[in-house]
Amino acid sequence: MSNILYAKDGVLFCRQGHALTAVIPHGPDALHVISVPEGELKLKPRYALSHPLSERQTQPEIRFFEETRQVVSNFPGVKEVRVPCASIRNGDLTAIFEASGKLVFRDASGKVLLEEYARNRLDSASKDLSALEISGREFIPHAGSSYTLTARFEACEGEKLYGMGQYQQPYLNLKGCTLELAQRNSQASVPFLVSSRGYGFLWNNPAVGTVTFARNVTEWKAHVTDSLDYWVTAGKTPAAIEEHYAAVTGTVPLMPDYALGFWQSKLRYRTSEELIAVAEEYRKRGLPLDVIVLDFFHWPHQGDWDFDRTFFPDPERLVARLKELNVRLMVSVWPTVERASVNFGALNERGYLIHTRRGLNYVMDFMAPTTHFDATNPEARAFVYDIIRKNYVQKGVRSFWLDVAEPEYAVYDFDHYRYHAGSCLEVGNLYPVEYVRTFYEGLTADGEEGVVSLTRCAWAGAQKYGALVWSGDIAPTFEALRNQIAAGLNMGLAGIPWWTTDIGGFHGGNPQDPAYRELFARWFEWGTFCPVMRVHGDREPRQERLGTTGGSVCCSGGPNEVYAYGEEVLAICTEHLKLRVRLKPYLKECMREAHERGTPVMRPLFYDFPGDAEAWEVEDEHLLGPALLICPVYEAGQREKRVYLPAGAQWRHLSSGEVSEGGRYVTVPAPLSEIPVFVREGFKVF
């Protein structure tokens, strides 16, 4: 079948029968691809690509030409024909529709960065004939106007792939991995990747699906969608790629000073008196404390979005007392709504709740059968924020912890849930973006600057709404600590620079257990050098229930303050809390880079040293900003560590002051009191 190639208004089109594909300049050195198997192709920005298509850095160059290709005829066999081709160039990126209709992306030097996988009788990938008849763009129709989509790309030997959000595994380089494109507690699918070949790729599709980065093919799947939608950019360095991505999806706000310090949290402070007592104890001991978090079930019922006056009788006084202590209160909010809530009737009648396709209309069963408010509905967002404003904001609360942001489900049958924006299978990954948007737009309208919302999930574009993602309810183990290194680094490369973790892990951990104290100390030391330093967890032993009504139905974990871990660990924590205070000016500049350019605050070694081949191999160290090299200890009993110092710089050991030349491995002490940290010579950190 012949391709029909044409251009209109700076967009290159390829029609193959009923199918139509468009390649659109969108952002610096970048192209946006949209394809439909039939029907109308809508050329408008959507999902993560929120910036107008008209914001082009250069005028595209479109060229039409012919190439000679071999094709199989019925008889006598192979013959040569002249077939139409076309290309479109935007800055340093060129896309070419080759003879078979497949797309190939090249950089300014002509190097192939990325190409669709196609095996057919006019196969421009290998220039050899193929009887497989496999397409790079495959749509399998459902009843109605939706499809199951598979997009295939050629795999390249030696290519390394990074980003994609947060997955609970230790692999920084994702080549060889299969990832679920779906949101779960501790898993955040943010489908933007950075390739060692010099390109960035955004799967601009919020449908539930999978991606496989195999040796023989890269394969993206969306279970239910109406179109293929992805974006590609070229960049000579990982930093250039990241900045191009931020230019079209947005950057984080400028992080306020209070958020750069230490955050104290636990599951859960039961009363105003407990919260105030902890803040006062920190002050009494002379320990830095910037934020204290009031966790869930401080409310009477899920969906009330209000303080339980039995345990928090005077919210204004609580906020005021903490302010006197120079401590900011952050309050946990869940999207869940139970029938006993004062807001259930109004939300249900207006259609502001996620609903199910069959059976009972509830989606989660933690402490009560609940459903979630539908954050994809703009009217629902406004309705819920009005309640938040009345019950929290007007009482002085300006910081929110947006838990259960995936949203979490009792059963992950994604086909069962329906949103205002579409079925969960089609748009489910959008929910965390719209959830955090609820609070960003509301707080901004109420005059808050530098909105920071702690959230358990994200998707592409959430960063511009002030999403600070933490890594969810993880285990209190050294294995889990190791996984968080990859999670935080890949989250930053996926365009979410604000990231943190539960220091010590979430599910358990007894502060009186010597083995757990070692883990907590190591995690605390590393947490000092994360973008946000925050301790949280459900510690053992559990506390007795306090009261008989409202939120007291939910139990509370044991003490989780730094002084609950014994004198040795307290001394370690005290020194690192002081170190965090000294780091604040440096962190502020790192956050400014994130705000202005989309630069990850914590990033792999190759981000700043792309010319150092060994820097691409190191997966258990990272940079904090341009000048601090952090080497976490994630094994029990380890008291020294072999670390790599990137080439092209000199590195001063923070503790000993010894200076070493980069480009080599060194073995350094790692006593329980510290992890190895190096300062890049020529940079001011303290």
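Here the structure is a predicted model, which is why all the values come from computation and not from measurement.
Among residues at least two apart or in separate chains, ring-ring contact (aromatic ring centres under 6.0 Å, His included) pairs with a member in residues 449-468 are Tyr440-Tyr465. Among residues at least two apart or in separate chains, ring-ring contact (aromatic ring centres under 6.0 Å, His included) pairs with a member in residues 386-408 are His298-Tyr392, Phe307-Tyr392, Tyr392-Phe400, Phe400-Phe439, Trp401-Trp470, Trp401-His536. Residue pairs meeting the salt bridge (charged side-chain N to carboxylate O under 4.0 Å, His left out) criterion with at least one member in residues 256-265, sequence neighbours excluded, are Asp257-Lys588.
Closest heavy-atom contact between Thr233 and Pro28: OG1-O, 3.3 Å. The two residues Asn343 and Asp304 have their closest heavy-atom pair at ND2-O, 3.4 Å. Nearest heavy atoms, Ile241 versus Ala234: CG1-C, 4.5 Å. Taking every heavy atom of both residues into account, Thr237 and Pro610 meet most closely at CG2-CG, 4.3 Å. Trp499 and Cys530 make their closest contact through CZ3-SG, 4.2 Å (heavy atoms, listed as atom of the first residue, atom of the second, distance).
For the side-chain contact (heavy atoms from CB on, under 4.5 Å) test with Val685, the passing option among Leu587, Val679, Leu624 is Val679; the others fail. Between Trp231 and the options Thr249, Asn204, Leu49, a side-chain contact (heavy atoms from CB on, under 4.5 Å) holds for only Leu49. The side-chain hydrogen bond (donor to acceptor under 3.5 Å, both in side chains) test with Glu408 singles out one residue from Arg456, Arg184, Gln183, His372, and that residue is Arg456.
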Can you list the steps and then say if Arg283 with Glu280 is a salt bridge (charged side-chain N to carboxylate O under 4.0 Å, His left out)? CA-CA 5 Å; Arg283 289 292 174 256; Glu280 289 177 339; over 6 Å; no
Between Phe192 and Phe201, is the ring-ring contact (aromatic ring centres under 6.0 Å, His included) condition met? List the steps. CA-CA 6 Å; Phe192 175 69; Phe201 180 94; 8.7 Å; no
Walk me through whether Glu434 and Arg381 qualify under salt bridge (charged side-chain N to carboxylate O under 4.0 Å, His left out). CA-CA 8 Å; Glu434 300 304 301; Arg381 293 198 299 269; 2.8 Å; yes
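Although no hydrogens or angles enter the test, the distance criterion places no donor-acceptor pair under 3.5 Å between the side chain of Glu281 and the main chain of Ala277.
Cation-pi contact between Arg285 and Tyr563: present, with separation from the ring centre below 6.0 Å and deviation from the ring axis of at most 45°. Remark: Arg328 qualifies as a cation-pi partner of Tyr258 under the 6.0 Å distance and 45° angle criteria applied to the six-membered ring.
Annotation: Phe683 is not in aromatic contact with Tyr586 [ring centroid separation under 6.0 Å not met]. In this structure, the ring of Phe383 has its center no less than 6.0 angstrom from the ring center of Phe373.
Asp314 has no carboxylate O lying under 4.0 Å from a charged side-chain N of Arg321, or vice versa, which leaves the two without a salt bridge.
Residues Asp229 and Asn205 have side chains that never bring a donor and an acceptor to within less than 3.5 angstrom of each other. A side-chain N or O of Gln302 and one of Thr336 form a donor-acceptor pair less than 3.5 Å apart. A donor-acceptor contact closer than 3.5 angstrom links the side chains of Ser471 and Gln484. Counted by atom type alone, Gln264 and Tyr269 present one or more donor-acceptor pairs between their side chains at under 3.5 Å. Looking only at atom types and distance, the side chain of Asp446 has a donor-acceptor partner in the side chain of Tyr385 under 3.5 Å away.
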